[in-house]
Protein chains: 2
Amino acid sequence: MGAQGRAVQVSTTNLAEKLGVAQQTISRHLIKLERLGLIERHLTARGELVKLTDSGTEELRSVHLGLRSILEAGVPTVISIEGEVFTGLGEGAYYISQKGYREQIIGKLGFDPYLGTLNLKLKSNLDLQARKELDAYPAIELRGFKTGLRTFGPVKCYKALINDKAEGAVVTALRSHYSTSVLEVIAPTDLRDLFKLKDGDKVCVKVFIPSSQQSSA
Amino acid sequence: MGAQGRAVQVSTTNLAEKLGVAQQTISRHLIKLERLGLIERHLTARGELVKLTDSGTEELRSVHLGLRSILEAGVPTVISIEGEVFTGLGEGAYYISQKGYREQIIGKLGFDPYLGTLNLKLKSNLDLQARKELDAYPAIELRGFKTGLRTFGPVKCYKALINDKAEGAVVTALRSHYSTSVLEVIAPTDLRDLFKLKDGDKVCVKVFIPSSQQSSA
DNA sequence: ATTACTATATATCGAGTAG
DNA sequence: TCTACTCGATATATAGTAA
């Protein structure tokens with residue numbers, strides 16, 4: 001009702017009718033909003049003057065921006081995750097060398113991968129959380145396949161920028177649950193060599209979420 | 001998480017952690033959202049595929065647009081109210097003829113008012129509700145003043161368009177409570193004459209809500 | 001692993017009412 | 001009139017657990 005920037009004269013009865021709830025409910029809500037620092041109130045004889053605080057406006061704005069990014073732009077485009085280099089079991093190279101994966105990587109990610117993965121151990125809670133979120137977002141998916149020897153499951157990938165410099169991708173096996181605290185990164189070149197990395201070094205990965213259109217089912 | 005248009009693989013546990021509530025709560029909410037027709041669900045062994053329906057997206061969009069109109073444009077700009085002409089006690093002319101009001105009207109509304117008010121009786125619930133809303137929105141305010149004889153209270157005004165043709169203003173005494181079912185309209189000319197109005201005729205008034213900037217405190 | 005039931009705990013709502 | 005308290009009713013959340 002125009003209460004961002006100016007105080008607006010309202011009464012709890014008034015608002016209650018408009019919103020279809022009881023007067024007491026509005027009273028309680030206004031008190032709560034005031035305690036949360038989202039509105040300022042000034043009681044008068046004929047009701048009260050209510051005004052959004054900067055913090056209140058900010059709260060609305062963040063909901064608005066959140067919705068806009070969903071409705072207009074699609075999905076948040078990039079998630080930053082930081083982790084520490086560690087040496088894995090060398091399995092990465094084995095998987096990537098499989099023709100069934102390699103050809104899909106070339107086709108869907110646009111580069112011929114170096115035969116090895118950079119393993120990053122996620123330490124902070126923020127990074128672990130970001131890693132979990134990733135699972136829910138749409139991904140570029142590599143189909144599973146069979147060789148004479150065994151079956152290889154489907155893999156989810158996200159294009160990524162490593163240390164704000166090198167292009168590559170994050171890969172996550174749909175199956176394994178080793179995944180939750182680890183980020184596996186592939187790239188056209190040997191990232192360990194490129195950045196002179198040794199175990200324990202920190203690496204920042206910007207993961208790109210594909211928009212609904214370009215991602216494959 | 002990109003579930004507008006595509007189904008997204010989630011689990012209730014997964015979402016519950018992310019939102020900081022119990023798994024059961026998510027389960028209940030997803031069921032409810034499905035019943036409300038806002039999402040589609042497809043249960044699988046590893047969780048469920050969730051997708052916003054058109055109706056769900058529409059719901060989000062309406063919240064988004066609501067917030068946008070507040071955060072970007074300010075306040076809804078115009079409210080339409082319809083009422084029936086009736087003959088008042090002629091008090092309107094008395095008030096408007098007061099120099100203290102008249103000069104402020106010229107200054108703040110931009111016209112020299114005809115010495116009389118057009119009284120509209122609001123009939124429908126919609127119009128009565130719109131009238132009430134008006135009280136809460138920011139207005140152009142005429143200061144109260146004293147003459148040798150008596151005191152005149154402050155008055156709230158809104159610029160208005162009458163029958164989509166004549167410019168004028170809606171005035172509401174801050175004091176009186178006669179106001180809730182009546183709209184008092186002033187204009188530079190005699191509206192009764194201009195529109196050949198007689199008692200009982202319907203008149204449509206588009207009331208303009210001033211943006212926070214231009215309105216005076 | 002999942003989802004989702006039932007039962008109990010917690011939070012919210014609204015009637016009555018005081019100030 | 002107004003705001004906002006108390007308190008019983010209602011709704012929502014979580015624990016435990018089945019499928």
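Chain A is the first sequence line, chain B the second, and so forth, proteins listed ahead of strands; every chain is numbered from 1. Not measured: the values here are computed from a predicted model.
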Exactly one of A/L49, A/V10, A/I31 clears side-chain contact (heavy atoms from CB on, under 4.5 Å) with A/R41, and that residue is A/I31

Determine the contact category for B/E48: base if any of its heavy atoms lies under 4.0 Å from a base atom, sugar-phosphate if only primed atoms, P, OP1 or OP2 are that close, otherwise nothing.
sugar-phosphate

Given 3.5 Å as the limit, does a donor-acceptor pair link the side chain of A/Y158 with the main chain of A/L134, or not?
yes

At what distance, to the nearest 0.5 angstrom, does CD of A/Q104 lie from CD of A/Q98?
12.0 Å

Please report the interatomic distance NE2(A/H42) to CD(A/E34), rounded to the nearest 0.5 Å.
11.5 Å

If you compare every side-chain N and O of A/T25 against the phosphate oxygens of C/dC13 (OP1, OP2), does one of them come in below 4.0 Å?
no

Between N or O atoms, less than 3.5 Å apart, protein on one side and nucleotides 6-10 of chain C on the other: list the pairs.
none

Please round to the nearest 0.5 Å and tell me the distance separating atom CZ of B/R192 and atom CG of B/D201.
8.5 Å

Under 4.0 Å from any atom of DNA chain C, heavy atoms only: list the residues of residues 7-16 of chain A that qualify, in numerical order.
none

Any side-chain heavy atom of A/E58 within less than 4.5 Å of one from A/R61?
yes

So, the side chain of B/T53 versus the backbone of B/L38: is there a donor-acceptor pair under 3.5 Å, distance only?
yes

What distance do B/L52 atom CG and B/E59 atom CD have between them, rounded to the nearest 0.5 Å?
11.0 Å

Expressed in angstrom and rounded to an integer, what is the separation of A/L33 atom CG from C/dT12 atom P?
12 Å

Would you compute the distance between atom CG of A/L191 and atom OH of A/Y114 and round it to the nearest 0.5 angstrom?
9.5 Å

Rounded to whole Å, how long is the line connecting atom CZ of A/R35 with atom C1' of D/dA4?
11 Å

Determine: side-chain N/O of B/R41 to OP1/OP2 of C/dT2, distance under 4.0 Å, yes or no.
no

Phosphate oxygens OP1/OP2 of C/dT12: is one of them under 4.0 Å from a side-chain N or O of A/H29?
no

Nearest 0.5 Å, please: how far is NZ in B/K51 from CD in B/E40?
5.5 Å

Report yes if at least one side-chain N or O of A/R28 is closer than 4.0 Å to OP1 or OP2 of D/dA4; otherwise report no.
no

Euclidean distance, atom CG of residue B/L43 to atom C1' of C/dA1 [Å, nearest integer]:
14 Å

Give the angle between the helix axes at the two ends of the helix from C/dT2-D/dA19 to C/dG19-D/dC2, taking five base pairs at each end and rounding to 10°.
40°

Which whole-number value in Å describes the distance from B/H42 NE2 to C/dA4 C1'?
17 Å

Checking side-chain polar atoms at under 3.5 Å, does A/Q23 have a donor or acceptor matched by the opposite partner on A/T12?
yes

When we call it a touch if two heavy atoms are under 4.0 Å apart, what does A/L30 touch: a base, just sugar-phosphate, or nothing?
nothing

Ring centres under 6.0 Å, that's the criterion: do B/F145 and B/F152 meet it?
yes

Comparing B/Q23 and B/K32 on DNA chain D - which has the more 5′ nearest nucleotide
B/K32

Between C/dC13 (C1') and A/L19 (CG): distance, integer Å
14 Å

